[in-house]
Amino acid sequence: MLGKIKELAVSSKSETASLRHHFHQNPEIAWEEVETTKKVIEVLEGLGFSIVKKGFGGTECGVVADIKGGKPGKCVALRGDMDALPLVEENDVPYKSQKASAMHGCGHDAHTAMLLGAARVLSEIRDEIPGTVRLLFQPAEESGLKSGAKAMVEEGALEGVDAVAGIHTWASAPTGTILYRFGPIMAAADGWYLTLKGKGGHGSTPELCIDPTITAANIVLNLQAIVGREVSAKETVVVSTGTVKAGISVFNIIPDTVEMNGTVRSFNPAVQDHVESAMRRVIAGACQIGRCTFELDYKRFIPATINNNDVTAVAKEVFDAVAGPENAKETPLIMGSEDFSYFQQKVPGTYFLLGTGNPDKGTDNPHHSPKFNVDDDALPLGVTALAGFAWNWLSKNS
């Protein structure tokens, strides 16, 4: 069956590419994917899918659709995110973005198109499917705390689903390759926002002041001691200070206030908890020493993306078969984050990467770049991987 799925995916390459070009030309940023949603529904209804739910987060964005196979079985879900980025595109292609303020700079146009391509393939083999395949067309992956995946989970998109898989294009991997990983694959993304308050004054009389810049400097250094001395070397954690703002560009004035913020990246939820607790302790201690008061706002934006080993093993079988073992490789840990993690907190799942990098076509530019683009030659493999995973998982769990 995997051979047939691959054949169908290859034969429908032009339709899949045409859909990607349509979405690329008509990008919609997070929570504005109304027209994208309408187009997705139009295609799905034409393929015989049942629309389970339209619209999430109080909007008209996002779609859940089912196709019931000809044989009884469980339910597996496939996810594709739909939102674009607020970037001005610099590519000179026939399907260049028609919106000056938005472009698909992260491959979500390809994700949506490939999931529709998988829908087409699944509709062709519908009678042979042992169970139900649910398609999750997700809004707002790029929206942080207003995550589209979180909204979909909270609003029941995974009710009745037994496993889930998600795909992402990967410009740094060559076209024709697939990257997977057992266990953690992408980091949790936390953000911290700190205000230190002291007592300002003239630089000639620091003894009359409470200088928050000294406390800020100590905090920047001591936060790194958390990583180096409180977290096992076997774990991967990054604590970064992104901004430090003090004063109003007057050279001889000690400021009243320092504002700082940064990010924390981790993979182990227990380590994530410890780092947050340790940061609060370190900041409080530094402020006590420096006689400052402080306000700390610590936000957990996105959980770590942690692949289920059993589900990933089923996916790897498909990747080896359709791409070849030499082209299906395990990826190192990725410090970026992905809200697919919310789906994985609800049901066992796996998240994998599709190589789309081709220097000859200029599709090896980094994600979130105004020159980012996707190699259309990679699309059939992505369609095959999605539909093939659904078939393989349902067959093994029927």
Transitively linked via ILVMFWY side-chain contacts under 4.5 Å: [X] with [Y]?
{"X": "Leu44", "Y": "Leu386", "answer": "yes"}
{"X": "Leu158", "Y": "Val76", "answer": "no"}
{"X": "Tyr342", "Y": "Tyr351", "answer": "yes"}
{"X": "Ile178", "Y": "Ile167", "answer": "yes"}
{"X": "Val244", "Y": "Leu194", "answer": "yes"}

Q) Glu7 and Lys4: salt bridge (charged side-chain N to carboxylate O under 4.0 Å, His left out), yes or no, with the steps? A) CA-CA 5 Å; Glu7 180 181 332; Lys4 183 176 181 180; over 6 Å; no

Note, [X] side chain near [Y] side chain (heavy atom, < 4.5 Å):
{"X": "Leu116", "Y": "Phe49", "answer": "no"}
{"X": "Ile5", "Y": "Val318", "answer": "no"}
{"X": "Val121", "Y": "Val383", "answer": "yes"}
{"X": "Asn358", "Y": "Thr363", "answer": "yes"}
{"X": "Thr243", "Y": "Met260", "answer": "no"}
{"X": "Leu136", "Y": "Gln138", "answer": "no"}
{"X": "Thr112", "Y": "Phe137", "answer": "yes"}
{"X": "Leu2", "Y": "Phe389", "answer": "no"}

Salt-bridge criterion met for [X] and [Y] (N-O under 4.0 Å):
{"X": "Glu33", "Y": "Lys39", "result": "no"}
{"X": "Glu295", "Y": "Lys197", "result": "yes"}
{"X": "Lys316", "Y": "Asp320", "result": "yes"}
{"X": "Arg79", "Y": "Glu338", "result": "yes"}
{"X": "Asp127", "Y": "Lys71", "result": "no"}
{"X": "Glu15", "Y": "Arg120", "result": "no"}
{"X": "Glu230", "Y": "Arg281", "result": "yes"}
{"X": "Asp376", "Y": "Lys361", "result": "no"}

**Q.** Full working for salt bridge (charged side-chain N to carboxylate O under 4.0 Å, His left out) between Glu159 and Lys346
**A.** CA-CA 9 Å; Glu159 294 303 318; Lys346 183 72 173 180; 3.7 Å; yes

Return the minimal non-hydrogen interatomic distance between [X] and [Y], and the atom names on each side.
{"X": "Leu394", "Y": "Thr132", "value": "CD1-O, 3.9 Å"}
{"X": "Pro269", "Y": "Ile306", "value": "CD-CD1, 4.2 Å"}
{"X": "Ala9", "Y": "Thr384", "value": "CB-OG1, 3.2 Å"}
{"X": "Thr37", "Y": "Cys61", "value": "OG1-CA, 3.5 Å"}
{"X": "Arg181", "Y": "Thr331", "value": "NH1-O, 2.7 Å"}
{"X": "Ala188", "Y": "Gln272", "value": "CB-NE2, 3.7 Å"}

Does one side chain, of [X] or [Y], offer a donor that lies under 3.5 Å from an acceptor on the other?
{"X": "Tyr180", "Y": "Glu330", "result": "no"}
{"X": "Glu317", "Y": "Asn392", "result": "yes"}
{"X": "Thr312", "Y": "Thr350", "result": "yes"}

Treating [X] as the side-chain partner and [Y] as the backbone partner, does any N or O pair qualify as donor plus acceptor under 3.5 Å?
{"X": "Asn252", "Y": "Gly203", "result": "no"}
{"X": "Arg229", "Y": "Gln224", "result": "no"}
{"X": "Thr177", "Y": "Pro174", "result": "yes"}
{"X": "Trp31", "Y": "Lys146", "result": "yes"}

Q.
Please evaluate residues Asp375 and Thr175 with respect to the criterion side chain to side chain donor-acceptor pair (under 3.5 Å), reporting the C-alpha separation (whole Å), side-chain torsions for both, the decisive distance (0.1 Å), and the verdict.
A. CA-CA 7 Å; Asp375 183 0; Thr175 296; 2.8 Å; yes

Q: Return each pair, listed once, that meets ring pair (Phe, Tyr, Trp, His ring centres under 6.0 Å) where at least one residue sits in residues 75-96; pairs must be two or more places apart or across chains.
A: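 As it turns out, the ring pair (Phe, Tyr, Trp, His ring centres under 6.0 Å) pairs with a partner in residues 75-96, which skip direct neighbours, are His21-Tyr95, His24-Tyr95.
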
Q.
Suppose clustering is done on Ile, Leu, Val, Met, Phe, Trp and Tyr with side-chain heavy atoms closer than 4.5 Å. Which residues sit in the same group as Val238?
A. Phe267, Leu333, Met335

Q: Report the relative orientation of the aromatic rings in His168 and His108; use parallel for angles under 30°, tilted for 30 to 60°, perpendicular for over 60°.
A: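 Judged by the thresholds at 30° and 60°, the geometry between His168 and His108 is perpendicular.
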
Q) Which pairs pass salt bridge (charged side-chain N to carboxylate O under 4.0 Å, His left out) with one or both residues in residues 300-312, sequence neighbours excluded? A) Asp273-Arg300, Glu276-Arg300

